[in-house]
Amino acid sequence: MKFKEYGSYAPEALENLEEVQPLEIAQKSSLNRLNYLVGFFKEQRPKEYDKYLKNLQKKLSDLVKKDFTKQSKLDLAKSLKELPNLQDKEQLAINSVNYVLQLLEIPDDVDWVNNKIKVPQGNYFRSFLIPRYQNAVVFSETLGREEGIKLYKVYKTEYVNFSIPESKNQYSNLDDKHKDNVKDFESNGNPGWVRIEGSVENGKLVYRRDTCLWAEAMKGYPDDEFKYLATCYEDFQGIKKTWNENFVLTMDHTLAKGDLYCSCVIHDTRIDWDLTHPSEEFWESIWPLQKWQKKNE
């Protein structure tokens, strides 16, 4: 199998400006996911539901430092009418929206309700990654770490199934996906993302992700397991749902967990059905580890 390096190491890319519409992010992305999350927990663990809500409300109240909704006179009532699990939880919804806006670090002198604005890319990433991280924390605070993580993984899988109800089968085979990856990196450069990708062989697309801006954006957060759940775990079901229903991801190493790289194999189960994942020696032999990957240097 032949490998090639794509992208470039550029953690400063987190400071590149990204155009966003803050209200759309806060209402559609944050509230829609929160509505599903609350309903999921109630269905799965009805006995602990009240405790969970109390913990979630406290977590968000402690995290939010500024009331953007009050400052802008934003009324969430219309949005909550379409979200049955949040209709009687207005303050929870307000805190959720405020937390997303706080993570975006919106300047005081911009009209974020009506206009698009530019924010550092790292802020944009954190606006959706950190709420996921905190949700995993609350699950663990409510159920204990082991049970909380177990249930949160179920939630992540179920949410992908819910948000993408039918498989799109975007790629008919792994060769098409590989060609698309190469085209994307060669046309965009993708600064901040470094990927060592091999050719497709025996129903496998093998790649080593040497940098990840999502993991970089979350470096200040202490729990590697929760960072992994926030950044990586949806990929297992997402690849199957969006790329092809016959594709399965295996991944033993992840940057989010503090490993030197992410080790990824996409298996086309029509050809490769035993899902064998290569050893650590294999991953370190396919391409030299770079200085930024070597610990204690």
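All heavy atoms count here, side chains included; hydrogens, waters and symmetry mates do not.
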message: Looking at D223 and K227, is there a salt bridge between them, counting it only when a charged N and a carboxylate O are closer than 4.0 Å?
response: no
query: Which of parallel (below 30°), tilted (30 to 60°) and perpendicular (above 60°) describes Y52 and F41?
result: parallel
task: Kindly compute the distance separating CZ (F247) from CD1 (I266), expressed to the nearest 0.5 Å.
output: 8.0 Å
message: In this structure, would V110 and V119 fall into the same cluster of hydrophobic residues linked by side-chain contacts under 4.5 Å?
response: yes
field: Note: K183-D180 ion pair, threshold 4.0 Å (strictly below)
entry: no
Spacing of CG belonging to L92 relative to CG belonging to L34, to within rounding of 0.5 Å: 5.0 Å
- prompt: W214 and ring-ring contact (aromatic ring centres under 6.0 Å, His included): which partner among Y228, F128, Y133, Y221?
  reply: F128
- request: Apply the test ring-ring contact (aromatic ring centres under 6.0 Å, His included) to residues F3 and W287: give CA-CA distance (whole Å), side-chain angles for both, the deciding distance (0.1 Å), then the verdict.
  value: CA-CA 8 Å; F3 288 88; W287 202 266; 7.9 Å; no
- request: Quick one: pull up CH2 in W243 and CG in D235 and give me the separation to the nearest 0.5 Å.
  value: 7.5 Å
- request: State plainly whether the residues K118 and E19 are in salt-bridge range, i.e. N to O under 4.0 Å.
  value: no
query: What do you reckon, is CD of Q91 surrounded by more than 12 foreign heavy atoms closer than 6.0 Å?
result: yes
message: Between D224 and K257, does any NZ, NE, NH1 or NH2 come within less than 4.0 Å of an OD or OE carboxylate oxygen?
response: no
message: A quick test of your reading: do over 12 heavy atoms of other residues, nucleotides or ligands sit less than 6.0 Å from NZ of K66?
response: yes
- request: Using a strict cut-off of less than 4.0 Å between a Lys/Arg side-chain nitrogen and an Asp/Glu carboxylate oxygen, indicate whether K219 and E216 qualify as a salt bridge.
  value: yes
- request: List the steps and the verdict of ring-ring contact (aromatic ring centres under 6.0 Å, His included) for Y152 and F226.
  value: CA-CA 10 Å; Y152 194 74; F226 296 154; 8.1 Å; no
query: N169 side chain to E245 main-chain N or O, any donor-acceptor pair under 3.5 Å?
result: yes
query: Y6 ring centre to R195 NZ or CZ under 6.0 Å, with the angle to the axis within 45°?
result: no
field: Electrostatic pair E141:K59 at N-O distance under 4.0 angstrom
entry: yes
- request: Can you establish whether the number of heavy atoms outside E43 located under 6.0 Å from its atom CD is more than 12?
  value: no
message: Does Q290, at its CD atom, have more than 12 non-hydrogen atoms belonging to other residues, nucleotides or ligands within less than 6.0 Å?
response: yes
query: With sequence neighbours left out, what residues match D109 under side chain to side chain donor-acceptor pair (under 3.5 Å)?
result: none
Side chains of residues 74-83: which donor-acceptor partners sit under 3.5 Å, not counting sequence neighbours?
from	atom 1	to	atom 2	distance (Å)
D75	OD1	A77	N	3.0
S79	OG	Q27	NE2	2.9

- request: Kindly compute the distance separating CG (L37) from OG (S96), expressed to the nearest 0.5 Å.
  value: 9.5 Å
- prompt: For F236, what residues pass the ring pair (Phe, Tyr, Trp, His ring centres under 6.0 Å) criterion, not counting sequence neighbours?
  reply: Y233
Separation of L255 CG from R209 CZ (nearest 0.5 Å): 8.0 Å
- request: Taking the side chain as every heavy atom from C-beta outward, state whether Y36 and E158 have any atom pair closer than 4.5 Å.
  value: yes
message: Please say yes or no: joined through hydrophobic side-chain contacts below 4.5 Å, possibly via intermediate residues, are I239 and V248 part of one cluster?
response: no
field: Ion pair check, K4 and E186, cut-off under 4.0 Å
entry: yes
task: Could you tell me whether R45 and E147 make a salt bridge, using a distance below 4.0 angstrom between a side-chain N and a carboxylate O?
output: yes
query: Short question: side chain of S127, backbone of V100 - any donor-acceptor pair under 3.5 Å?
result: no
query: To the nearest 0.5 Å, what is the distance between NE2 (H267) and CG (N246)?
result: 13.5 Å
- prompt: Are R208 and D210 close enough for a salt bridge, meaning some N to O gap below 4.0 Å?
  reply: yes
